[in-house]
Amino acid sequence: MLLPFVILILVSIPERMRRARAWDCEESLSRGRQIWLALEEFKKTYGRYPDASTAAMVKARADSAWELKTDTSNDVFRQLIAAGLIDSEWIFQAEGKGMSKPDGNMSTEAEALKRGECGFAYVDGASFDGNEKRPLAVAPLIPGTHRFDPTVWDGKAVVVRADGSVVLYRLGADGGCIAPGGRDLFDPIFWGGVAPRVYWQDK
């Protein structure tokens, strides 16, 4: 009598895992929209999206003692925190290897978006271009590469675009992200001949 019950449980596990992945993907789409809203508010205030050139402006305007480095996406997104544009680390959560759930502590620069608490990579280069389809934030990008982890959301990537849309792009067999028109998302041709600057998440 016990065997059929065990078999039923084993058969249901993959389906439950699939549903959990789908739910997390939907949550990440929602978080991506919140990231875009914060980035747009930042652009209205500082004239461009956050990068190395805006750190000093944020420190001066917010009277912040934070160093505000720009080595990783965690660093860049801390400018949004220092500028007072967001009040939660949770919008930066996305599944992936090495990721952990944010602890909600943003009291100091060392605590805000610690290693593993940011699942989105940041893509610089949209400030001066008229292409509103360019990505601002993406997940789950593998740090140090232009390839995504296809195991997180069943071969899909979450892409936050400059026009405010947050979309799912399909991934190729090599983890490359296929943008509209069939090109890789990071193909220099898609970026006017120059590859974008990517700030990978610290994990």
Side-chain angles (χ1 to χ4, degrees), residues 21-22 24-40 42-43 46-55 69-80 91-99 113 116 118-203:
R21 285 196 302 269
D24 183 76
C25 188
E26 287 298 319
E27 285 291 299
S28 294
L29 288 168
S30 176
R31 293 174 189 135
R33 177 67 177 171
Q34 294 176 68
I35 291 173
W36 178 81
L37 289 171
L39 288 171
E40 278 301 296
F42 187 99
K43 186 179 180 184
Y46 296 98
R48 57 177 297 141
Y49 296 117
D51 59 18
S53 72
T54 58
K69 298 182 294 184
T70 51
D71 297 326
T72 67
S73 61
N74 303 52
D75 293 332
V76 176
F77 288 139
R78 282 191 195 102
Q79 292 191 38
L80 303 177
I91 68 171
F92 301 106
Q93 181 187 359
E95 289 298 318
K97 293 175 182 173
M99 294 292 101
L113 288 180
C118 177
F120 284 87
Y122 177 68
V123 186
D124 191 15
S127 291
F128 301 111
D129 188 87
N131 186 351
E132 292 298 300
K133 302 299 184 187
R134 279 191 173 182
L136 295 173
V138 297
L141 193 64
I142 300 171
T145 76
H146 288 165
R147 296 289 174 256
F148 291 76
D149 184 346
T151 66
V152 176
W153 294 315
D154 295 326
K156 298 182 182 68
V158 171
V159 178
V160 181
R161 303 193 300 196
D163 64 359
S165 60
V166 184
V167 296
L168 290 176
Y169 282 177
R170 65 183 175 85
L171 300 178
D174 63 351
C177 188
I178 312 302
R183 294 192 180 280
D184 188 283
L185 187 67
F186 296 106
D187 189 323
I189 294 176
F190 186 69
W191 288 84
V194 180
R197 168 74 162 91
V198 178
Y199 296 84
W200 288 282
Q201 58 276 34
D202 185 9
K203 62 179 187 176

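Considering every non-hydrogen atom in both A52 and Y199, the closest pair reads N-OH, 4.4 Å. Annotation for G96 and V152: closest pair CA-CG2, 4.0 Å, computed over non-hydrogen atoms. Pairing each heavy atom of P140 with each of A157, the nearest pair is CD-CA, 4.3 Å. Shortest non-hydrogen contact noted between N74 and G116 is ND2-N, 4.5 Å. Pairing each heavy atom of P188 with each of A195, the nearest pair is CB-N, 4.1 Å. Annotation for A162 and L136: closest pair CA-CD1, 3.8 Å, computed over non-hydrogen atoms.
Annotation: side-chain hydrogen bond (donor to acceptor under 3.5 Å, both in side chains) contacts of T54 (sequence neighbours excluded): Q79. Taking the side-chain contact (heavy atoms from CB on, under 4.5 Å) definition, one finds that S30 meets it with Q34, sequence neighbours left out. Residues satisfying the side-chain hydrogen bond (donor to acceptor under 3.5 Å, both in side chains) test with T72, not counting sequence neighbours, are D75. Take P150 and apply the side-chain contact (heavy atoms from CB on, under 4.5 Å) test, not counting sequence neighbours, and it matches L171. For Y46, the ring-ring contact (aromatic ring centres under 6.0 Å, His included) partners two or more places apart in sequence, or in a different chain, are F42. Applying the ring-ring contact (aromatic ring centres under 6.0 Å, His included) rule to F77 yields the partners F92, Y122; only residues at least two apart in sequence or on another chain are considered.
The closest donor-acceptor contact from the side chain of W200 to the backbone of L141 lies at 3.5 Å or more, if one exists at all. In this structure a side-chain-to-backbone donor-acceptor pair under 3.5 Å is present from S73 to F120. Checking side-chain atoms of R78 against main-chain N and O of L113 turns up a donor-acceptor pair under 3.5 Å.
Atoms CD and CG, from E95 and D149 in turn, are 11.0 Å apart once rounded to the nearest 0.5 Å. A distance of 5.0 Å separates CZ in R33 from CG in L37, rounded to the nearest 0.5 Å. Taken to the nearest 0.5 Å, the CD atom of E40 stands 13.0 Å off from the CD1 atom of I35. Once rounded to the nearest 0.5 Å, the distance linking CE of M99 with SG of C118 reads 7.5 Å.
Sorted by first and then second residue, the pairs that involve residues 177-193 and meet salt bridge (charged side-chain N to carboxylate O under 4.0 Å, His left out), not counting sequence neighbours, are R147-D184, R183-D187. Counting only residues at least two apart or on different chains, the salt bridge (charged side-chain N to carboxylate O under 4.0 Å, His left out) pairs with a member in residues 191-203 are R115-D202. Applying the side-chain hydrogen bond (donor to acceptor under 3.5 Å, both in side chains) definition to pairs two or more places apart or across chains, those involving residues 157-173 are K133-D163, R161-S165, R161-Y169, D163-S165.
You'll find the side chain of D51 stays beyond 4.5 Å of the side chain of T70, heavy atoms only. Counting only heavy atoms from C-beta outward, the side chains of F186 and P196 approach each other to under 4.5 Å. Side-chain atoms of V138 and V160, non-hydrogen and from C-beta on, never get closer than 4.5 Å to each other. The shortest side-chain heavy-atom distance between P135 and L185 falls under the 4.5 Å cut-off.
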